[in-house]
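Working notes, structure below.
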Amino acid sequence: MALNRALIFLGPPGAGKGTQAKRVAQQYGALHLSTGDMLREAVNRDTKIGLLAKPIMERGELAPDDIVTAMVEERLAQPDCAAGFVFDGFPRTLPQAVRLDEILERRGFGKPVVIDFEVEPETLVRRLSGRWTCSVSGEIYNIYERPPKVPGVCDQDGGKLIQRSDDTAEVVKQRLAAYERQTRPLAEYYRREGVLEVVDASASMEVVSRALGEILRRTEGPDGHL
Ligand code: AP5
Ligand code: MG
């Protein structure tokens, strides 16, 4: 089963974009492209981009469009992108969305399928406060909803689980504000393009997974929304 298209997971911090993007990408053999993960890796490796992005991410603000877009373009130039991709956390601003449209068109992918993850803010805050991530594989856990079998240890590879430094109450507040101001308007942009789908992401992981599966089947065709 091939994806053969670009999926965009849109939604606030803690909506479950990463959790579901990992599943869909694995199921379809597609690339999971998380700009948050790419930036965190750059920060860990102390690259030029990492040094620039670190204080911005620590404040819960967005990294500059040109840097993020260049990073995505570079990644998409690699050969493992032919089967389609799941964008998680990108685009996040109108200029990023316009640029992505151009990139996809140039690469013959046509219009993306955009899925807006809807969840109320109180649920997001609880989810983020309970999130732990594997420092090796990036597998995502939650002490309330999906606890690891052994506290602090990844079920899959035994890696140490860590909390993200931007999951503190104060930074979460800023991330939610940045989402409302800069990213939420993208839903309207994609609605006008006729490619927006909405899921109730406050449901359980399994229910959200099933809802996504239904959307993907419904929008299937040789080219998805093309
Ligand atoms: P990024 O890493 O993208 O963070 P985010 O958008 O804030 O989203 P999260 O990763 O926090 O949430 P998620 O939706 O992936 O939820 P998850 O699946 O983990 O970005 C981080 C920073 O990088 C930004 O603030 C910005 O500075 C920078 N950045 C990144 N992209 C950028 C861009 N394009 N432009 C500019 N700057 C950029 O789930 C959360 C928790 O809930 C987990 O514990 C999970 O187990 C649990 N959970 C998931 N689904 C469910 C469910 N259905 N029910 C119960 N629990 C659930
Ligand atoms: Mg994420």
Side-chain angles (χ1 to χ4, degrees), residues 8-25 32-44 49-50 52-73 75 86-97 99-100 115-134 138-148 154-155 161-168 171-184 186 199-212:
I8 294 175
F9 285 0
L10 200 65
K17 304 180 297 294
T19 300
Q20 299 295 340
K22 280 178 190 295
R23 293 185 184 197
V24 172
H32 171 203
L33 197 151
S34 158
T35 42
D37 287 350
M38 290 164 86
L39 288 168
R40 275 184 290 279
E41 200 191 319
V43 169
N44 287 339
I49 289 180
L52 188 139
K54 191 169 190 264
I56 299 173
M57 294 170 81
E58 279 170 355
R59 290 196 300 271
E61 294 168 6
L62 296 187
D65 286 337
D66 52 346
I67 287 184
V68 177
T69 311
M71 204 173 68
V72 170
E73 284 201 69
R75 183 64 188 87
V86 186
F87 288 103
D88 158 13
F90 179 88
R92 256 170 146 101
T93 64
L94 211 49
Q96 290 181 18
R99 189 76 194 106
L100 180 61
I115 300 172
D116 192 10
F117 285 56
E118 273 192 353
V119 195
E120 64 287 353
E122 311 79 66
T123 306
L124 299 172
V125 170
R126 179 181 152 87
R127 283 186 187 173
L128 293 174
S129 71
R131 172 166 60 187
W132 288 78
T133 309
C134 176
E139 191 63 22
I140 304 164
Y141 294 88
N142 191 285
I143 51 168
Y144 310 115
E145 309 287 343
R146 194 198 170 209
C154 179
D155 294 350
L161 301 187
I162 51 170
Q163 281 188 297
R164 265 171 51 178
S165 58
D166 62 349
D167 275 349
T168 59
V171 182
V172 165
K173 213 166 108 189
Q174 299 307 323
R175 286 161 60 201
L176 287 170
Y179 176 79
E180 290 301 327
R181 202 172 50 243
Q182 291 166 280
T183 310
R184 193 181 280 285
L186 290 189
V199 290
D200 173 11
S202 59
S204 71
M205 293 178 207
E206 298 316 317
V207 170
V208 175
S209 231
R210 274 204 296 280
L212 289 176

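As the structure lists them, so they are numbered: ligands from 1, and atoms in each ligand from 1. The model shown is predicted, which means the values in this text are computed figures rather than measured ones.
For Ser204, every heavy-atom contact with ligand 1 shorter than 4.0 Å involves the backbone, none the side chain. Residue Thr93 does not touch ligand 1, judged by heavy-atom distances below 4.0 Å. Neither the backbone nor the side chain of Tyr144 comes within contact range of ligand 1; no heavy atom lies under 4.0 Å. Looking at Leu62 against ligand 1, both its backbone and its side chain come within 4.0 Å, counting heavy atoms. Counting heavy atoms under 4.0 Å from ligand 1, residue Ala203 touches it through the backbone alone.
Residue Ile56 places every heavy atom at 4.0 Å or more from ligand 1. For Gly14, the closest heavy-atom approach to ligand 1 falls below 4.0 Å. For Ser34, the closest heavy-atom approach to ligand 1 does not fall below 4.0 Å. Not a single heavy atom of Gly11 sits closer than 4.0 Å to an atom of ligand 1. Arg164 counts as a contact of ligand 1, since one of its heavy atoms falls under 4.0 Å from the ligand. Residue contacts with ligand 1: Gln96 is included, with a non-hydrogen atom under 4.0 Å away. Taking a 4.0 Å cut-off on heavy atoms, Gln20 fails to register as neighbouring ligand 1.
Residue Met57 has no N or O atom closer than 3.5 Å to an N or O atom of ligand 1. In terms of polar-atom proximity, defined here as any N/O pair under 3.5 Å, Asp37 makes no such contact with ligand 1. Taking any N or O of Gly89, backbone or side chain, at least one lies under 3.5 Å from an N or O belonging to ligand 1. Polar contact with ligand 1: absent for Asp166 (N/O pair, distance under 3.5 Å).
One N or O on the side chain of Asn142 and one on the backbone of Arg127 form a donor-acceptor pair closer than 3.5 Å. Panel note: side chain Arg92, backbone Gly89; a donor-acceptor pair is recorded below 3.5 Å. Looking only at distances, no side-chain donor or acceptor of Lys22 sits under 3.5 Å from a matching main-chain atom of His32. Panel note: side chain Lys17, backbone Asp116; no donor-acceptor pair is recorded below 3.5 Å. Here the side chain of Thr123 pairs no donor or acceptor atom with the backbone of Val119 at under 3.5 angstrom.
Taking the ring centroids of Phe87 and Phe9, they lie at or beyond the 6.0 Å cut-off.
Taking a cut-off of under 4.0 Å to the non-hydrogen atoms of Gly18, the atoms of ligand 1 that pass are 13 (P), 15 (O), 18 (O).
Across the listed options Leu124, Thr35, Leu39, Leu39 owns the non-hydrogen atom lying nearest to atom 29 (N) of ligand 1. Nearest residue to atom 26 (C) of ligand 1 from Arg127, Met71, Glu61 is Glu61 (criterion: closest heavy atom). Across Arg175, Glu145, Met205, heavy-atom proximity to atom 48 (N) of ligand 1 is greatest for Met205. For the residues Gln182, Arg40, Arg92, the heavy atom positioned nearest atom 33 (C) of ligand 1 is part of Arg92.
Residues Asp88 and Leu33 have side chains not in contact (no heavy-atom distance under 4.5 Å, counting atoms from C-beta outward).
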